[in-house]
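This structure is a prediction, so every number in the text was calculated from the model and none was measured.
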Amino acid sequence: MSAPHLPYGIRPARASDDTVLRELDDATWSTLHSVQSRPTQPTEPFFRDSDFGDPLCPVSCLVAECSESTGSTGNTSGRLAGYVRLGVPTPLACNRHVRQIQGLAVAGWARGGGLGKALLRAAAEEARRQGAVRITLRVLGHNTPARRLYESEGYAVEGVLPGEFFIAGRYVDDVLMGRSLTP
């Protein structure tokens, strides 16, 4: 079932979005895409330090926000519908020409209307603005819907780590995907 088209805008996240983004992350958690355990209360802040010491601050994240209300789904104006988190894959200076999508989520009520594609396109534009020439991501091998979405936006499988994770009683591949940001 497709969600009705909801008008939205994509903007850089703000510090005040932290709680809503954490709630969205918790609500969309699934073994289909997460290698971590289901969040329990209280959860850590959405914006925190990365593994490389870089802060995962609002500027590393783009959010999709509904720009008007719809009668059938209630008042959604100003409601965050999704996000994409963009970061660097390693702390190495020789790798700074690459950006990595390090999180993508779309609220259940906003799925099916192209919002995931719009967020991926916005992430690519932001990566270009930052001077990147490549963009990469990692996706679990059994996450067929996400892999199809990424392929539809020009991402190709560039590597597979077979059985890299043990999730919900089975071994799951870690699939590395990427694409060029140059014409």
Please walk me through it: do Leu149 and Arg147 pass side-chain contact (heavy atoms from CB on, under 4.5 Å)? CA-CA 5 Å; Leu149 170 65; Arg147 291 178 64 180; over 6 Å; no
Evaluate the criterion side chain to side chain donor-acceptor pair (under 3.5 Å) for residue pair Tyr83 and Asp25; output intermediate values, then yes/no. CA-CA 9 Å; Tyr83 76 85; Asp25 230 24; 2.4 Å; yes
Using the rule given for salt bridge (Lys or Arg N to Asp or Glu O under 4.0 Å), can you reason through Arg79 versus Glu65, listing the C-alpha separation, both sets of side-chain angles and the distance that settles it, and then say yes or no? CA-CA 6 Å; Arg79 189 173 177 191; Glu65 181 176 58; over 6 Å; no
side-chain contact (heavy atoms from CB on, under 4.5 Å) assessment of Leu140 paired with Phe165: CA-CA 9 Å; Leu140 295 176; Phe165 299 107; 3.7 Å; yes
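Side-chain N or O atoms of Arg14 include none that pairs as donor or acceptor with a backbone N or O of Arg11 at under 3.5 Å.
The distance from atom CG of Leu24 to atom OG1 of Thr19, rounded to the nearest 0.5 Å, is 12.5 Å. Once rounded to the nearest 0.5 Å, the distance linking NE2 of His142 with OG1 of Thr144 reads 8.5 Å. Remark: Ser16 OG to Leu21 CG distance equals 9.5 Å, nearest 0.5 Å. The line from CD of Glu23 to CG of Leu80 is 10.0 Å long, rounded to the nearest 0.5 Å. In this structure, SG on Cys61 lies 11.0 Å from CD on Glu126, to the nearest 0.5 angstrom. Here the straight-line distance linking atom CG of Leu86 with atom CD of Glu125 works out to 11.5 Å at 0.5 Å rounding.
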Counting only pairs under 3.5 Å, give me each side-chain donor-acceptor contact of residues 174-183, with atom names and distances, residues two or more places apart or in other chains.
from: Asp174; atom 1: OD2; to: Arg138; atom 2: NE; distance (Å): 2.9
from: Asp174; atom 1: OD2; to: Arg138; atom 2: NH2; distance (Å): 2.2
from: Arg179; atom 1: NH1; to: Glu153; atom 2: O; distance (Å): 3.4
from: Ser180; atom 1: OG; to: Thr182; atom 2: N; distance (Å): 3.0
from: Ser180; atom 1: OG; to: Thr182; atom 2: OG1; distance (Å): 2.8

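One finds no salt bridge joining Asp18 and Arg22 here, because no Lys/Arg side-chain nitrogen approaches an Asp/Glu carboxylate oxygen to under 4.0 Å.
Partners of Glu151 under the side chain to side chain donor-acceptor pair (under 3.5 Å) rule, at least two apart in sequence or in another chain, do not exist in this structure.
Leu119 approaches Gly82 most closely through the heavy-atom pair CD1-C, 4.0 Å. The two residues Leu115 and Ala110 have their closest heavy-atom pair at CD2-CB, 4.1 Å. Residues Val63 and Ala13 approach most closely at CG1-CB, 3.8 Å, considering heavy atoms. Contact record, Val84 with Ile101: CG2-CG2, 3.9 Å, taken as the closest heavy-atom pair. Among all heavy-atom pairs drawn from Ser152 and Lys117, the shortest one is OG-CE, 3.2 Å. When all heavy atoms of Gln102 and Val88 are compared, the closest pair comes out as NE2-O, 3.1 Å.
Here the side chains of Gln100 and Arg85 are not in contact, with every heavy-atom distance at 4.5 Å or above.
Val160 and Tyr150 fall within the same hydrophobic cluster, where Ile, Leu, Val, Met, Phe, Trp and Tyr residues are linked whenever their side-chain heavy atoms come under 4.5 Å apart, directly or through other members. Two different hydrophobic clusters hold Val98 and Leu62 under the rule that ILVMFWY side chains link at heavy-atom gaps under 4.5 Å. A chain of hydrophobic side-chain contacts below 4.5 Å, direct or via other Ile, Leu, Val, Met, Phe, Trp or Tyr residues, connects Ile135 to Val157.
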